[in-house]
S.K.: 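Sending over a structure as structure tokens; questions will come in a sec.
To find a chain, count down the sequence lines: A is the first, B the second, and so on, and within it residues start at 1.
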Amino acid sequence: MTLQPVRGTKDHLFEEAQHFQWIKDVCAHQATLGGFRRIETPIFEFTEVFHRLGESSDIVTKETYTFEDRGGESITLRPEGTAPVVRAVISNGLTQKLPLKFFYAAPMFRYERPQKGRYRQFHQFGVEFMGADQPLVDVEVMALGYGTLKALGIEKKVTLKVNTLGDKHSRSSFTKALVDYLTPLKDQLSEDSKTRLAKNPLRILDSKSPQDQEILKGAPTLAQHLTPEAKSYFDQVVEGLDALEIPYEIDTKLVRGLDYYCHTAFEFVTEDLGSQGAVIAGGRYDGLCEDLGGPALPSVGWAMGIERAQLLSQLPEQEPQDCYVVPVEDGDFASAQRLVMELRREGLHAQMFYKGALKKQLKKIDQQGAAWALIYGETEREEGGVMARHLPSGKQEFVSLKDLPHVLRKGELQ
RNA sequence: GCGGGUGUAGCUCAGUUGGUUAGAGCGCCAGUUUGUGGCACUGGAGGUCGCCGGUUCAAUUCCGGUCACUCGCCCCA
């Protein structure tokens, strides 16, 4: 095994590939029901698109795949989907037609240490609701997340955690209060949190270190610093979730590191994936568009880790519908191929093997999990039909070519 | 980026207290006669014991490094 895929990447084969596609289909269907439109953006952007947004984020500073192209431009493989969508909105002058509702399913790239549910090329399905600043929009977006998880059959394995980051004023006054509280206690903080204190203080709140959490017990809370408007906004979000009977927990330690995030932050998390528990993560990012140099564009969205959803879900069983035409003698292969093509023209799934004795072919067909073996030798040709063998039931009878499409579609004999 | 665990046939794993031809189950291939799969029986192919180096008369077995997977930390717009 010397020829391996690049670390942190994987091949999706057979059922796994189908499962993967099924998740994307289910997600796209749910989003489409809500009027979201598909958007496809390039797999890479000018590095600046990501760097302008995330100087304090490790994803941007340490985890991007960044390279200079042959024209000397600095290019970055997208590590997430929101910034490219907002960039596309600006580039295409779409801010005249608000609100905008987009969804995407696309590969993302982060140079991280691979783990279960964490790859260097991974895939996200995401939705963005842009140009609306009402609390009920946040509720709709979360409801879409919940509905999508339900459609995947995994809503019971996840918990919706919700928090508010407040508006700009709440946020900056809280951040300042937190830093003021923690700075004298700096020596007692974990090494990681000492760094966070300077770089990204809010991230100390979700530290896993017990000593950090102990210190935080006496810390100021965001609730104390919420402006009346921000508090009212969050109250309406919570009431909206109650009204739609979407189960949730308020988690005051759920934060976002970047400044353009405000108000609602949420995650659908699971206990089943070890330390990679977030299946869907999202929030309101009213400041992002301006940070990118565009107009104000209040927006909210989320992204689902498709691989993580895949680990939690199961591809529904599908009835086999394939059929194989089975030539008997060496001279029967050409006519068998003609029959295969005729069946395909009828819209049926048809194929054949191009070698092997009858017995051998039947064995392989059975292993493929196909529904039908259509034995087509000299006898059948003369009588204008096939010996149709239904593999799951083991029943077999002669069917005329005229009746064949009908029988195959029905999926059973008689 | 840091720490722990693992790495033997296509898959799941045994085994070697260092010593001649490394095993099982499943899977795969062929056959059990002649136009019929799943079951059974018989036979067969398939491994430089992850890779590189060290110790040793001798290493798949001990040691080091490396790569990969995995768990935790980190990160998680």
S.K.: Please work out if A/Arg284 contacts a base, only the sugar-phosphate, or nothing of the nucleic acid, heavy-atom cut-off 4.0 Å.
M.R.: nothing

S.K.: Under a 3.5 Å cutoff, is there a donor and acceptor pairing between the side chains of A/Glu128 and A/Ser299?
M.R.: no

S.K.: When you measure from the side chain of A/Phe50, which nucleotide among B/C75, B/G38, B/A77 comes out closest?
M.R.: B/A77

S.K.: With a non-hydrogen cut-off below 4.0 angstrom, is A/Gly282 in contact with a base, only sugar-phosphate, or nothing?
M.R.: nothing

S.K.: Go nucleotide by nucleotide along RNA chain B from the 5' end; which of A/Arg113 and A/Glu329 gets its closest nucleotide reached first?
M.R.: A/Arg113

S.K.: Could you please name the option among B/A68, B/A77, B/G37 that lies closest to any side-chain atom of A/Tyr261?
M.R.: B/A77

S.K.: Select one nucleotide: of B/C75, B/C73, B/A77, the one nearest the side-chain heavy atoms of A/Glu112.
M.R.: B/C75

S.K.: Examine the side chains of A/Asp138 and A/Tyr233 and answer whether a donor and an acceptor come within less than 3.5 Å of each other.
M.R.: yes

S.K.: Students often get this wrong, so: under 4.0 angstrom with heavy atoms, is A/Gln361 touching a base, only sugar-phosphate, or nothing?
M.R.: nothing

S.K.: Using a 4.0 Å heavy-atom cut-off across all strands, classify A/Gln367 as base, sugar-phosphate, or nothing.
M.R.: sugar-phosphate

S.K.: Can you tell me whether the side chain of A/Arg203 and the base of B/C74 have a donor-acceptor pair closer than 3.5 Å?
M.R.: no

S.K.: Please walk me through it: do A/Tyr111 and A/Tyr65 pass ring-ring contact (aromatic ring centres under 6.0 Å, His included)?
M.R.: CA-CA 7 Å; A/Tyr111 190 83; A/Tyr65 280 88; 5.8 Å; yes

S.K.: Of the options B/C74, B/C71, B/U36, whose atoms approach the side-chain atoms of A/Leu362 most closely?
M.R.: B/U36

S.K.: Answer with yes or no after comparing the ring centroid distance for A/Phe333 and A/Tyr354 against a 6.0 Å cut-off, counting only values under it.
M.R.: no

S.K.: Between A/Met130 (CE) and B/A77 (P), how many Å, whole number?
M.R.: 19 Å

S.K.: Which is true for A/Glu191 with a 4.0 Å heavy-atom rule: it touches a base, it touches only sugar-phosphate, or it touches nothing?
M.R.: nothing

S.K.: When we call it a touch if two heavy atoms are under 4.0 Å apart, what does A/Arg110 touch: a base, just sugar-phosphate, or nothing?
M.R.: sugar-phosphate

S.K.: Can you confirm whether A/Gln30 sits close enough to A/Leu144 that some side-chain heavy atom of one is under 4.5 Å from a side-chain heavy atom of the other?
M.R.: yes

S.K.: Without hydrogens or angle criteria, can the side chains of A/Arg338 and A/Ser335 be said to hold a donor-acceptor pair below 3.5 Å?
M.R.: no

S.K.: What is the nucleic acid contact for A/Gly81, judged by heavy atoms within less than 4.0 Å: base, sugar-phosphate only, or nothing?
M.R.: nothing

S.K.: Under 4.0 Å, heavy atoms only, any strand: does A/Leu53 hit a base, just the sugar-phosphate, or nothing?
M.R.: nothing

S.K.: Taking only side-chain N and O atoms of A/Lys116, does any of them lie within less than 4.0 angstrom of OP1 or OP2 on B/U70?
M.R.: no

S.K.: Could you check whether A/Ile365 gets within reach of a base, just the sugar-phosphate, or nothing at all, counting any heavy atom under 4.0 Å?
M.R.: nothing

S.K.: How many Å lie between CG on A/Asp11 and P on B/G10, as a whole number?
M.R.: 17 Å

S.K.: Given B/A68, B/C73, B/U36, which nucleotide is nearest the side-chain atoms of A/Arg7?
M.R.: B/A68

S.K.: Reckon A/Arg256 has a side-chain N or O less than 4.0 Å from the OP1 or OP2 of B/C76?
M.R.: no

S.K.: B/U12 and B/U66: how far apart are their C1' atoms, nearest whole angstrom?
M.R.: 27 Å

S.K.: Among the candidates B/A30, B/G3, B/C69, find the nucleotide nearest to the side-chain atoms of A/Lys360.
M.R.: B/A30

S.K.: In whole angstrom, give the distance that lies between atom CG of A/Asp192 and atom P of B/C76.
M.R.: 11 Å

S.K.: Could you tell me how far apart A/Gln368 (CD) and B/G27 (P) are, to the nearest whole angstrom?
M.R.: 16 Å

